[in-house]
Amino acid sequence: MQQLYLTMALAAFTVVGLGLTSGLLQKLPLSRPLLALAIGVAAGPVGLGWMRPEDWGDPHLILKEAARVTLAISVMGVALRIPAQDLSRLRRPLLLLLGPGLLLMWAVSSGLAWLAFGLAPLMALAVGAAITPTDPVVAASIVTGKVAKSSLPRDTRTILSTESGANDGLAYLLVLLPLLLLTEGTEAGLGRFLSHTIPVGVLLAVAIGAALGGVTAIILRVGDRRGWVAESSILGMTVALSLLAVSAAHAVGSDGILASFAAGIAFNALVDRKAEMEDENVQEAVSKLFTLPVFVLTGALLPWSAWGAQGWTLGLFALAVLALRRPLTLLVLAPFMRVKRRDAVFFGWFGPVGVAAIYYALHAQEMLHDPRTWTITSAAVTASVLLHGVTASPGVFLYARVANEKGKSRGG
């Protein structure tokens, strides 16, 4: 119990402390996830030893479930921030990123894992799938806030946010396919993938989430018009809705992350309180309350000894993933996306690996009983949080400066 309350106190301290210094942090090349991860490392076994994961029972299960809930709430926040009227106009780049883009990133990540560690092909595909999706939690620190809103075009923020929210759920297919083939054999695994994972894990998840989000929005609209609702917080309601969606989907064996995103999209499309949703700034509030503690836990659970056993190969792999997985994909897709070159460069670099990878890696480790999934993926997550955290603010300012210079040159 002492460890429980100490961990809760450190997580709360992180949220409060970073909130009180948010103005200062905007001027520094340091993101909140990076600082939260550093606090976890400092308080963990390799630091001060205040957090002792060995006393938690099953720390990886705790982190996995914390990551699942955090993802569900985060993708809900992403869905609520998406301007619904922009989706049809941006469907081309979004469909390319969520279709061919997701598969290309999977192929690059899996190929790097196979080359670096000599993994069996299916194992490499499982590890590659875990680090494929763009993380909505880390991406939120890049595309939200006053600096991002003043420096990045609305379309750029919408594309990155929407992709990061949707591909976390779609990655469920990429992760489950190799895992089922490994655990159940080729024929049985493929049969289960086609008969259960796609219809139940994905399609049913979308149906459950859309139904919950749509019904909630309609009831709220009717209640507002008839005076049934005296006061309500959109933030509180949508957090509860995301928990309801992930719980309902999990109960029937569906993907709760995708269900939560679908619930947010449906709620956003049908609710009347657009101004209230914008005023409460749902995504930023959720990021402070739920995502930072996950990175504190992750920092305390980083497998330093396993990293050391892998040697320099692990570090090169993590850097190669960040340098090739997404930049190479955007290099291929940019001509078809019809976006500006600076947008393609921005999308190519700022596709972080974060909480989604943590969740899927621990899910894979649970199914395969192979610690390599966590060892390899946690290195990629740490490298991404570090490098994307350091480059986020300079990258946003550089993007704005290039855009202004081009605008002046055209004006002249």
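Along the sequence shown, the residues carry numbers beginning at 1. All values below were derived from every heavy atom in this structure, side-chain atoms included, with hydrogens, water molecules and symmetry-related copies excluded.
Across all their heavy atoms, L301 and W374 have their closest contact at O-NE1, 3.4 Å. Shown here for P53 and P59, the closest heavy-atom pair between the two residues is O-CG, 3.6 Å. Minimum interatomic distance between A380 and V353 (heavy atoms only, all atoms of both residues): O-CB, 4.3 Å. Considering all non-hydrogen atoms of both residues, A361 and A130 come closest at N-CB, 4.0 Å. Closest non-hydrogen pair, A248 versus L212, comes out as CB-CD1, 4.3 Å. G253 and H196 get closest at one heavy-atom pair: O-CE1, 3.8 Å.
Put simply, the side chain of L220 reaches to within 4.5 Å of the side chain of F267, judged on heavy atoms. Two residues are said to be in side-chain contact when any heavy atoms from C-beta on lie closer than 4.5 Å; L328 and L104 fail this criterion. Within the 4.5 Å cutoff, side-chain heavy atoms of V75 are placed close to those of I257. Considering only heavy atoms from C-beta on, I73 stays 4.5 Å or farther from T238 through its side chain. Using a 4.5 Å heavy-atom threshold, the side chains of L368 and M123 count as touching. Counting heavy atoms from C-beta on, the side chains of T377 and Y359 never come closer than 4.5 Å. For the pair V390/L34, a side-chain contact is recorded, criterion being any heavy-atom separation below 4.5 Å from C-beta on. Using a 4.5 Å heavy-atom threshold, the side chains of F261 and V206 count as separate.
Results of the side chain to side chain contact (heavy atoms under 4.5 Å, CB included) test with L241 over V215, T216, L80 single out T216 as the only residue that passes. Each of L112, V381, V321 was checked for a side chain to side chain contact (heavy atoms under 4.5 Å, CB included) with I131, and the lone residue meeting it is V321. The side chain to side chain contact (heavy atoms under 4.5 Å, CB included) test with R92 singles out one residue from L90, L96, L95, and that residue is L96. Among the candidates H363, E366, E184, the single residue satisfying the side chain to side chain contact (heavy atoms under 4.5 Å, CB included) test with L179 is H363. Exactly one residue among L125, T373, I376 makes a side chain to side chain contact (heavy atoms under 4.5 Å, CB included) with L119. That residue is I376.
The CG atom of L270 sits 5.5 Å away from atom CD1 of I218, with the distance rounded to the nearest 0.5 Å. The line from CG of D255 to CG of D168 is 9.0 Å long, rounded to the nearest 0.5 Å. In this structure, CG in L103 is found 10.0 Å from CG in L173, a value given to the nearest 0.5 Å. If you take OG1 on T375 and CD on Q365, they are separated by 7.5 Å, rounding to the nearest 0.5 Å. How far CE of M76 is from CG of L71: 13.0 Å, rounded to the nearest 0.5 Å. Atoms CD1 and CG, from I198 and L204 in turn, are 13.5 Å apart once rounded to the nearest 0.5 Å.
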Carefully, step by step, assess L182 and M367 under the rule side chain to side chain contact (heavy atoms under 4.5 Å, CB included). CA-CA 9 Å; L182 283 168; M367 289 186 65; over 6 Å; no
Residues I358, L63; criterion side chain to side chain contact (heavy atoms under 4.5 Å, CB included); working and verdict: CA-CA 8 Å; I358 293 170; L63 179 57; 3.9 Å; yes
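More than 12 heavy atoms of other residues, nucleotides or ligands lie within 6.0 Å of NE2 in H60, so this atom counts as buried by the packing criterion.
Contacts classified as side chain to side chain donor-acceptor pair (under 3.5 Å) and involving residues 93-111 (residues at least two apart or in different chains) are given here: W106-S110. For residues 309-328, the set of pairs meeting the side chain to side chain donor-acceptor pair (under 3.5 Å) definition, not counting sequence neighbours, comprises T134-R326, E163-R326.
If you check the side chains of T391 and W349, you find a donor sitting under 3.5 Å from an acceptor. A donor and an acceptor atom, one from each side chain of S378 and W307, are located under 3.5 Å apart.
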